[in-house]
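Here is the structure we will look at, set down as structure tokens.
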Amino acid sequence: MSTRLATGGTRIDRSQRLGFTWDGQPLQGFAGDTLASALLANNQVLVGRSFKYHRPRGVVAAGPEEPNALVGLGTGGSFEPNARATTTALADGMLVASQNAWPGLAHDVGVVNGWLSRFLRAGFYYKTFLWPRAFWKRLYEPAIRRAAGLGRAPDRADADRYEYLYLHADVLVAGGGIAGLAAAREAAQAGLRVLLIEQEACWGGRAATDGVTVDGKPAADWVAGTVAELQAMETVTLRLRTTVTGVHDHGFVTALEAADAGPRQRLWRIRARHIVAATGAIERPLPFAQNDRPGVMLAGAVRDYAVHYAVSPGDRTVVVTNNDDAYRTAIALREAGLTVPAILDARLRVEGALPERARAMGIPIKPGHAVAGSVGRGRVEGVAVCVQAGEGAVLETIPCEAVAMSGGWSPTVHLWSQAGGKLRWDAAQLLFRPDPARPPIGADGAAIVTAAGAANGVLPAGDCLEDGVAAGRAAAKALGAKPQTGKAATAAAPEEAPIEAVWCMPQGAPPALRDKIWLDFQNDVTMSDVALAAREGYESVEHAKRYTTLGMATDQGKLSNIGGLAVLAEARGATIPEIGTTTFRPPFTPVTLGAIGGEARGALFKPTRKTAMDGWHDANGAVWEPVADWRRPFCYRKPGETVDQAVAREVRNTRRNLGILDASTLGKILVTGPDAGRFVDTLYTNRMSTLKPGRCRYGLMCNENGFLFDDGVVARIDDHSFLCHTTSGGSDHVHAWMEEWLQTEWWDWQVYTANLTEQFAQIAVVGPQARAVLEALGGIDLSADALPFMGWTEGTLAGIPARVFRISFSGELSFEIAVPAAHGQALWDRLMAAGAAHAIAPYGTEALHIMRAEKGFIMIGDETDGTVTPQDLGLDWAVSKKKDDFLGKRAQARADLTRPDRWRLVGLQTLDPRTRLPDGAHAVDGTVLPTGIRRTIGRVTSTYMSPTLDRSIALGLVERGPERIGEVIRFADGRGHIEARIVDPVFYDPQGERQNG
Amino acid sequence: MAEAMTALGGAATEGAIRVAEAPPTGMIALRADLSTRAVGKAVKEATGIALPRALRIETAKDRSVAWMAPDEVLVFCPWEKAAGLAADLSEGLGDTPHLVADMSSARALIDLSGPGWREVLAKGTPVDLAPGAFGPGDFRRTRLGQVAVAIWASGPERAHLICFRSVAGFVFDWLSMAAARDSLPGLWR
Amino acid sequence: MTRYSAFAIVREALRGNAGWPRALPDAAPRQRYRVIVVGAGGHGLATAYYLARNHGIADVAVLEKGWLGGGNTGRNTTIIRSNYLRDPSAAVYEKSRSLYETLSQEINFNVMFSPRGVLMLAQTHHEARAFQRTARANALQGIKTEYVAPFRAQELCPILNVRGPRYPVLGGLWQPRGGTARHDAVAWGYARACAAMGVDIVQNCAVTGIRRAGGKVVGVDTAKGPIDCDKLCIVVAGHSGQLAEMAGFRLPVESVALQALVSEPVKPLMDIVVMANTVHGYLSQSDKGEMVIGGGADGFNNFTQRGSFHHIEETVRALCETFPVISRLKMLRQWGGVVDMTGDRSPIISKTPVEGVFINCGWGTGGFKAIPGSGWATAEMVANGAPGHLAGPFGLDRFREGRMIDESVAAAVAH
Amino acid sequence: MLQLECPVCGVLADETELVPGGEAHLQRAGPDSTDDAFADYLFTRANPRGVHFERWCHVYGCGKWFHAARDTATLEVFGTYSAQTTAPPDDIVAAIRARRPEWEGPA
């Protein structure tokens, strides 16, 4: 059984016991433990079930490459599925649950999939479930979906919060092993701003466990010294427990920090001028039968657990390898007082320092030997030994509790590759390493990433530090800084003999064995699956990956990648580099979605723009409607009122007495300068330059495609200045539109613009009593003579500097008053007070819409949809024929925009006045198009019950509409139709007398 | 005349730093070709301050002039002096093509005090706020979270944030969250 | 070709799965073909398939510069729907959707079309009106959709937060027969079916030049030598501009990056596809259990298949707000595709200025769902030398005439 | 996530501070242009896989438009320059030639 050793453990603090529960069972660990080391220390070898066959799975690795030890953490709003036990720091009171097993981890019905495995080979689902057709969605797929997945999602909203952190660095060093530390030190000494990030909880990487010495002293001493030195430097930032997850374009890098206080996690958004990838290497499993049995672990991981966490994987551990590094594990176990019954070395010639040391310790070494298969029920109880050169004839079975396997190491090239760097195959070390000739490039076209140490394919500890120094100096040089020269510290470790290729163990393993050789532990992909894919023509590496799902599990192929390539290569009679690798995509390790979203949740999800009177509306029954980024009162509900009743009341009161509207959101853009007239003439379809100061004119704006996109009233302020009102949604867009033309097309014109929208609160005072209430406030003569319709004036109203526009969007006598927003609420209050005598009542956007529809005024976004011209809306009068140019003029001359049968604006009256035409209803003529689609001849654009006329009214666009006034057409509605008569769009006060009061 | 209401009514909060809306402040937008002598002269005469260099803000007595763009500055002054100052600027510029607008109500001015202001803002802006990169007198228009802001460093432990009035509430809430106690990343000593 | 079936699975399994024949074809090109299709993505393969199946033209080569199905076909979020507003779009997308219904059986390859239903959320009054308009248009187009109330949306997708503080769900456009399919399988299945009818599919065969004589196409130069043809059909999505240039004309197309991502797999969480356009996010769950997420496209020309991270942030942020329970799931993998956007964001299925050269491109962010219908319409055009009523409205001439097919329906609200 | 130097205010701006504006140096086709010329102006784009001249606006900054010469396949930036130009300036063209000898020049 696996257990905790009485002594040792460089990372644990035995004085701090931490309690946690595993599937309800209370267990204990120490501070400094990872969840995985704590589970192993408690003899929890079975930690999960595989994805497809639900086979028992145990911890294989000690880092982010772990494919099996995925668990559910916490509960409720703090529950996290698929948490990786090997990278999760143990915390007191942690609730840990196993996944993907029912009813329990030990007895999981899902294992039937395993017994059926030969029927469920790679891609089987593409070949069956074809009949009967309906069964796929109803029967087959639900079954597959239930079996799939790993953990369950939380059942409620996230209880924690997240945030971003923007950081800039000259050099970002990813990885705090000896190579990364050395690189950071060199870059910092060259005077650069350095950011050093390490995913684990402590510095030094593998150096300590690999018996490395630096300048004759243990690596740990050098690591401590270097870290202290870096911490003392102002220009250096160091961070542990933070993982560089993605290297994007132009030096943009994301990293995820497990924050100690405040947010749960922090997503770092780093801009680095240069990046040193010192991310180490990942050990490869060996491909032998039943290499997935719990208790079979990577040799490096076994070593880590023993040295860092004082965890014994079992009394007897068989080591199987094709390289020297695994001997370190045997030695470490022996030094911990444990037994290594044998080292099975696939290589025939075994010599060199490490094997010698192992021999000297009395560990039996079997050159040329291999594992024919692991044996045991649920977990390893022994290994069947064979010769590597053979086909798997079992020579003996060695009893053991654990198997430490090493198939060599693969550089962690993810960051290099994500950013577009290319790899080259190192035939001597049997690994893909960064090709310095084809690096990721930055905005300047030069290399922006330098790989260092093991990540650069420099595995021997000694050269590793040297390579880090070189990388740090290279980065400094690349940034034009002066790096140190001369000798840096030198690391040393025992020499290692060359690795030998073992892509199948034993090399002649027959299909029966290959069926049981696992490449992808989590997704259950075997050598046979990949071979089958190749045979069926899925031989491109991407095809094979997608067909077999090799490398698509939550470890993203960190363990399985090379093994799969080797099988493909063999099947195609090609070499591994000829096969190439799949693309490395971010993130390096999975990133919490909440962290990607950052702080923007709930109230901070998206800004809501509020006017100066927002608080008053909220306190007075406003039913809110989002309008672009603003919120506006849709209506003001009184106790006991429905929304519809409130809207009707607001309309009637405004037409009969006095209404007041917060119109502050309307865009207000000042256009001034000697060429201002010429400019507004170009922006608007009609002529504005002829407008006299003190007067207003309604104008339309089209895009270059000829379609209407905004409208509003323009007021001539003085000879050089126009104040352009836009729609609420349009103010920012229109202002940007103006600036774009001024800056990029007519930059020689003397015009300045300013968006004054936020400066002014604007209040519409509307209805027969409008003038009376304003006169009550006093300060400005607003008599019809002093201020005629479509005029504006300015002065002081109720002691507040104000501009008053006599314009009407309702057809009633109407004044729009603009005052500095700081005084908006004050004016509103005064108006409400003075208006009380005149039954003043505020109205919202819906009443506004109804009143404008009753008058046949168009609304951008209702009557327009980006494909409607002013001519379609009968606004030809607002389109100048004389101007030789304006935006949209040329486009409106094109064939499709001049078709005589275009849909044009009309009024629509249902024959039954109580029936309201439904929103978006289409008119049909009873014919059918070749495509089988019923031909439409028009549509409803606005439709309301008019409280004023006490009947339904609608506006719509109808083919040749204006030529067909009086005609009755049919609007499709469900199976039936609604009949409506085409009428003039102006339903109310056609003579327009009411606006004169 | 009624007293001016700022966007947040002077709201304030204490966390890792202090976040407080400034009292009503005069803000005048001036657009004109800053490279012409006439403009520099007019600004100097009206405010007593020479035009700032790009990305800088200059202060003298109760006034400051911030560089917004090659053809725009934002002038800060006491609330009650804004109207007069705007008139002076316009007058001083005479025939030189220009635009002067009193924007005192259009924006909110939020004061940040405490050494942690850099780290609070670093949670939301792509600007390099490291002490060596952004210091007193620097004025930078950028974004904070999802909204447009201008950041004004007025001292080692003091900065101001300028945003549009309609989103001031959102920005204040954002700052309150970012400045929560014990939530600073501890970057700059 | 072995016929796929449950029986075949058992038979082969009992023989140790050693008898499965080649499924993905890879032919060596011949000297000449009647039709050459450039691009072995879904649209190209479907075009070749329907040329052979509907028009008896099997003398066809599909040339692919990389591995078949390696472009956007294998990089999208696999959503299939036809709830479009404009008649021409509705016609081609519904044709496509209906072909998907029976595609697995027709090509004897399980593409896992799953009509789980697609729900588009209305989160502003403007959007609500627009979707009601679409639902009514669909009714006349013979497309089964309905405008549903918030409580129904909640029923359809229990993890949906209909009371979002910023954007409450006001309703939704529901297409019950919309859904998803396995993207790779669509390419693989069409390829296998093409080969069975004698179509040559040539991988790793980049087209380097287009040969013309007297304004008419006569062949192409490729990485595997020159090949003659009577007709040439360009179906290369984001790379259409480069091919058009070889043929000597330009297109109203820009290539930008569109991104997608998947979470780690979890047990069944949502059965339908939900699209939240106001906040730019799409969400569905794959059969593996991954949450499949699609978002907005970059605004600048980009051929790198890597998009800008801030789009991912915006999308994920929006989805965490709309589906609060996914916040603690983790992003497993993100990627990008190069999509071709036209001036009106609708596709191009058209003849070109060069006689004998046809083009199918501009599917932008919506190409996967259109594969069968697009192939059907394109094959018809290539076979007859002129577009039929499905392809007709999507000709290049529309840009000169101003005959936009605009599905955006003015996202901008006013008042 | 691109990073472009705004030539107007000198800020090395993050992509999130910018808004892209499509192909640069398009010649506006006015009222007297032909249908084809107008369609080209509105819709036809070079869309090269390589050197591209494009428009950007520093919206979350000085608010000014500028031009950038960028490789759409490698995302290399050859330089940014004033929007008040009708063709790429010589120094930009030279910078491109230095790194792309095979480049045929502005379309």
Side-chain angles (χ1 to χ4, degrees), chain A residues 161 163-168 193 234-235 237 257 259 261-263 266 268-269 271 598-600 603-604 606-612 614 629-630 664-665 670 672-674 720-721 750-761 796 798-801 820-827 829-830, chain B residues 1-7 9 16 24 27 29 31-32 71-72 79 82-83 95 97-107 119 121-133 145-147 164-171 173-174 177-178 180-189:
Chain A
R161 67 176 194 84
E163 65 186 27
Y164 295 151
L165 181 65
Y166 290 76
L167 208 56
H168 299 251
R193 286 166 65 191
E234 277 290 324
T235 54
T237 303
E257 175 189 13
R266 203 175 270 129
W268 292 38
R269 312 170 91 264
R271 278 287 181 183
E599 81 287 347
L604 294 180
K606 203 172 184 302
T608 301
R609 298 176 71 181
K610 298 178 178 178
T611 72
D614 183 90
D629 285 346
W630 295 95
S664 306
T665 60
L670 180 64
T672 185
H720 279 9
S721 310
Q750 284 286 3
V751 181
Y752 289 112
T753 72
N755 188 344
L756 306 183
T757 307
E758 301 254 6
Q759 167 66 16
F760 294 104
T796 308
I800 302 169
H823 300 305
Q825 186 58 55
L827 178 64
D829 293 339
R830 287 191 183 36
Chain B
M1 169 160 140
E3 124 185 47
M5 285 285 299
T6 56
M27 292 180 236
R31 292 199 62 184
D71 59 359
E72 182 176 0
W79 173 267
D95 297 342
H98 69 276
L99 177 154
V100 170
D102 181 346
M103 301 284 260
S104 308
S105 283
R107 295 188 172 94
E119 295 190 3
L121 295 183
K123 295 178 181 186
T125 178
V127 178
D128 184 352
L129 292 177
Q146 302 171 64
V147 300
F164 280 112
R165 183 187 189 100
S166 65
V167 292
F170 177 86
V171 169
D173 293 346
W174 192 98
M177 183 280 300
R181 284 202 165 68
D182 307 324
S183 77
L184 298 191
L187 284 180
W188 296 300
R189 289 144 294 193

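Chain identifiers are assigned alphabetically (A, B, ...) following the order of the sequence lines, protein sequences preceding nucleic acid strands; residue numbering begins at 1 within each chain. Being a predicted model, the structure only gives us computed values, none of them experimental.
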Non-hydrogen atoms of chain A under 4.5 Å away: do they reach the side chain of [X], the backbone, both or neither?
X: B/V171; value: neither
X: B/A101; value: side chain
X: B/L121; value: neither

Gap separating the [atom1] atom of [X] from the [atom2] atom of [Y], nearest 0.5 angstrom:
X: B/F170; Y: A/K606; atom1: CZ; atom2: NZ; answer: 9.0 Å
X: A/H720; Y: B/H98; atom1: NE2; atom2: NE2; answer: 9.5 Å
X: A/L670; Y: B/L99; atom1: CG; atom2: CG; answer: 5.0 Å

Side chain, backbone, both or neither: which part of [X] has a non-hydrogen atom closer than 4.5 Å to chain B?
X: A/R266; value: side chain
X: A/T608; value: backbone
X: A/R271; value: neither
X: A/Q825; value: neither
X: A/L827; value: neither

Can you tell if the side chain of [X] reaches within under 4.5 Å of the side chain of [Y], non-hydrogen atoms only?
X: B/R165; Y: A/S664; value: no
X: A/D629; Y: B/V167; value: no
X: B/M103; Y: A/L756; value: yes
X: A/R193; Y: B/D128; value: yes

Of all heavy-atom pairs between [X] and [Y], which one has the smallest distance, and what is that distance?
X: A/Y752; Y: B/D71; value: CE2-OD2, 4.0 Å
X: B/K123; Y: A/E163; value: CE-OE2, 2.9 Å
X: A/A822; Y: B/W79; value: CB-CH2, 3.6 Å
X: A/L604; Y: B/W174; value: CD2-N, 3.6 Å
X: B/P97; Y: A/P674; value: CB-CD, 4.4 Å

| task | Please check if the side chain of A/H168 supplies one atom and the backbone of B/P126 the other of a donor-acceptor pair under 3.5 Å. | result |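 Yes, because the side chain of A/H168 sits within donor-acceptor range (under 3.5 Å) of the backbone of B/P126.
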| said: Could you check whether any side-chain N or O of A/E758 sits under 3.5 Å from a backbone N or O of B/S166, counting only pairs where one atom can act as donor and the other as acceptor? | reply: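 Side chain of A/E758 to backbone of B/S166, a donor-acceptor pair under 3.5 Å: yes, one is there.
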| Intermediate values then yes/no, side-chain contact (heavy atoms from CB on, under 4.5 Å), B/R31 and A/T753 | CA-CA 8 Å; B/R31 292 199 62 184; A/T753 72; 3.7 Å; yes
Residue selection (most heavy-atom pairs with chain A, distance under 4.5 Å) from [options]:
options: B/A7, B/G124, B/A168, B/G132; value: B/G124
options: B/T125, B/D182, B/D173, B/V147; value: B/T125
options: B/A180, B/P185, B/S183, B/G186; value: B/P185
options: B/S105, B/A133, B/A122; value: B/S105

| Do you know which of A/P263, A/A261, A/G598, A/P607 has the most heavy-atom pairs under 4.5 Å to chain B? |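 The candidate making the most pairs under 4.5 Å is A/P607.
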